[in-house]
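Atoms within each ligand, like the ligands themselves, are counted from 1 in listed order. It should be emphasised that the depicted structure is a prediction, and the values quoted were computed from it without experimental measurement.
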Amino acid sequence: MNILLLGSGGRESAFAWKITQSPKCEKLFIAPGNAGTPKYGTNVDIKTTNFEGLKAFSLNNGIDLVLVGPEEPLVKGIHDFFLADEQLKHIPVVGPQAEGAQLEGSKDFSKAFMQRHHIPAADSQTFTRETLQDGLEYLETAGLPIVLKADGLAAGKGVLICTTLQEAQYELTEMLENAKFGDASAKVVIEQFLEGIELSVFVMTDGKNYKILPEAKDYKRIGEADTGLNTGGMGSVSPVPFADKVFLKKVEERVIIPTVEGLRKENIPYKGFIFIGLMNCNGEPFVIEYNCRMGDPETESVMPRIASDFVDLLIGVAEGNLDTKTLEISDKVAATVMIVSGGYPGEYLKNKVITGTENIRDSIVFHAGTSFDGDEVINTGGRVLAVTTLQENLFDALQQATADASRIYFDGMYFRRDIGFDLL
Ligand code: AMP
Ligand code: GLY
């Protein structure tokens with residue numbers, strides 16, 4: 001079959017790498033892709049939100065399945081667009097329709113969903129500009145630290161953890177009255193702070209059946225020992241040592257089953273991935289957030305651990321027979337180190353020539369923010385390359401990924417040398 005993959009990051013590189021290993025994939029197209037994805041398929045210069053452009057391309061190239069990487073086209077309704085179009089509706093899209101994508105697109109929606117289905121999560125209340133005064137009063141009794149979350153998509157920046165009442169009241173006002181995150185902060189969820197250790201669990205569902213993919217832990221801060229500004233993610237590991245069988249069973253029973261069942265009971269169609277961000281609080285799982293897609297850089301560690309045919313699983317999601325498909329997971333350990341541009345997550349240095357990727361033997365180099373400049377590869381995004389390795393044990397994986405990251409060079413590059421070492 002011919003597959004169209006939407007996106008341009010490390011996550012999509014990892015999807016593309018895995019998809020091309022399947023005998024079921026004839027041609028793979030990546031829109032728009034990056035300087036690494038031509039290794040796996042054909043880049044197509046169309047934006048993920050240019051639905052008309054994607055329609056014309058799909059019809060002209062006999063596309064049989066669309067896999068959506070990022071959240072933006074899902075929240076904007078790409079799946080609904082395909083279903084509503086006479087010429088496109090036979091082409092399955094993996095990724096939920098806009099309604100299901102609200103699990104990520106609206107924190108207020110996802111909190112209410114969790115409450116309706118008794119899914120463990122931090123206590124919360126939602127406020128708007130009209131109820132700002134109530135929100136300021138609520139903060140006085142809410143305890144510290146306290147978490148403020150912009151309701152809508154805010155490019156990963158919409159969550160503030162405030163340690164003083166003054167800060168919390170100032171930020172709530174900024175968000176609601178002064179549109180700190182634009183429309184995304186027209187509503188703000190105020191949420192209790194959860195103490196614990198984070199991890200991510202990924203589910204593939206056809207709306208009825210589900211498969212649990214390998215779990216992963218990502219490292220969000222720019223600095224070593226988890227210091228400094230938040231980023232999109234600086235590295236990941238899978239499996240997660242503290243997510244033992246007992247914990248994962250609780251996650252399945254208390255979170256995954258009620259989530260899939262809840263969507264079904266509420267007649268919210270959902271074919272795609274559910275990324276569940278969890279806090280492990282003394283062995284008890286609490287949901288921090290849902291995303292309607294896979295994580296980045298978690299996907300880079302998750303894909304290499306899937307031993308079975310990934311395209312067959314995508315077909316199961318599309319056809320609604322995921323229960324008949326096999327998911328085999330490797331016992332090996334995957335580690336990913338993200339190489340970023342100098343200055344990231346602030347203003348960063350761009351257009352620097354990248355060298356050394358050809359010397360890497362024992363890791364996979366997934367491109368993220370890269371482009372071609374003639375024959376050379378340059379950095380054009382904040383997160384540039386994901387170096388992923390699969391080894392027998394965690395220590396070897398961490399060492400190999402870090403060593404291989406240091407074999408790559410471009411002006412200003414940076415990566416964390418401590419990814420995963422806290423788990424040893
Ligand atoms: P999110 O954008 O929802 O992923 O939140 C960003 C980060 O904020 C999460 O990865 C957590 O580290 C942190 N966070 C979110 N909600 C909470 C919470 N209720 N308690 C503690 N930390 C939180
Ligand atoms: N790594 C976190 C995310 O993809 O949202």
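- Counting only heavy atoms of the protein, atom 1 (P) of ligand 1 lies nearest to Glu289 OE1, 3.4 Å.
- Side chains of Ser301 and Thr336: a donor on one and an acceptor on the other come within 3.5 Å.
- In terms of protein heavy-atom proximity, atom 5 (O) of ligand 1 is nearest to Val159 CG2, 3.4 Å.
- The side chain of Glu298, and not its backbone, has at least one atom closer than 4.0 Å to an atom of ligand 2 (non-hydrogen atoms only; side chain from C-beta on).
- Scanning the protein heavy atoms around atom 3 (O) of ligand 1, the nearest turns out to be Lys107 NZ, 3.1 Å.
- Residues Phe310 and Phe15 place their aromatic rings such that the two centres sit under 6.0 Å apart.
- For ligand 1 and Glu191, the ligand atoms under 4.0 Å from any heavy atom of the residue are 16 (N), 17 (C), 18 (C), 19 (N).
- Taking the six-membered ring where tryptophan is involved, the planes of His117 and Phe113 are tilted, since the angle between them lies from 30° to 60°.
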Please walk me through it: do Lys325 and Asp312 pass salt bridge (Lys or Arg N to Asp or Glu O under 4.0 Å)?
CA-CA 7 Å; Lys325 307 293 184 184; Asp312 201 36; 3.0 Å; yes

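- A 6.0 Å sphere centred on CD of Glu140 holds more than 12 heavy atoms belonging to other residues, nucleotides or ligands.
- Atoms of ligand 1 found under 4.0 Å from any heavy atom of Lys149 (numbered from 1 in listed order, with element): 3 (O), 15 (C), 16 (N).
- Contacts between Leu194 and ligand 1 below 4.0 angstrom, taking non-hydrogen atoms only, involve backbone and side chain alike.
- Between Phe81 and Phe51, the ring planes lie tilted relative to each other; the angle falls in the 30° to 60° range.
- Counting heavy atoms under 4.0 Å from ligand 1, residue Glu195 does not touch it at all.
- Residue nearest to atom 4 (O) of ligand 2, selected from Thr231, Thr299, Asp296: Asp296 (by heavy-atom distance).
- Below 4.0 Å from some heavy atom of Gly232 lie the following atoms of ligand 2, by number and element: 1 (N), 2 (C).
- The local environment of NZ in Lys39 is crowded, with over 12 non-hydrogen atoms from other residues, nucleotides or ligands closer than 6.0 Å.
- Looking from atom 13 (C) of ligand 1 to the surrounding protein, the closest heavy atom is Ile161 CD1, 3.9 Å.
- The single protein non-hydrogen atom nearest to atom 14 (N) of ligand 1 is Ile288 CG2, 4.0 Å, given as residue, atom name and distance.
- Using cut-offs of 30° and 60° for the angle between ring planes, the Phe275 and Phe202 rings count as perpendicular.
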Evaluation steps, side-chain contact (heavy atoms from CB on, under 4.5 Å), between Arg293 and Phe273
CA-CA 5 Å; Arg293 52 169 174 90; Phe273 299 95; 5.6 Å; no

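- Of all the atoms in ligand 2, the ones that sit under 4.0 Å from a non-hydrogen atom of Gly295 are 4 (O).
- Here Tyr414 and Tyr344 keep their ring centres 6.0 angstrom or further from each other.
- With a 4.0 Å heavy-atom cut-off, ligand 2 is reached by the side chain of Arg293 but not by its N, CA, C or O.
- Protein heavy atom closest to atom 9 (C) of ligand 1, with residue, atom name and distance, is Glu198 OE1, 3.5 Å.
- For ligand 1 and Met279, the ligand atoms under 4.0 Å from any heavy atom of the residue are 21 (C), 22 (N).
- The distance from ligand 1 to the heavy atoms of Lys220 drops below 4.0 Å at these ligand atoms: 10 (O).
- The nearest heavy-atom contact from the protein to atom 2 (C) of ligand 2 is Asp218 OD2, 3.5 Å.
- Cation-pi check for Lys217 over Tyr219 is met; the charged atom lies under 6.0 angstrom from the ring centroid and within 45 degrees of its normal.
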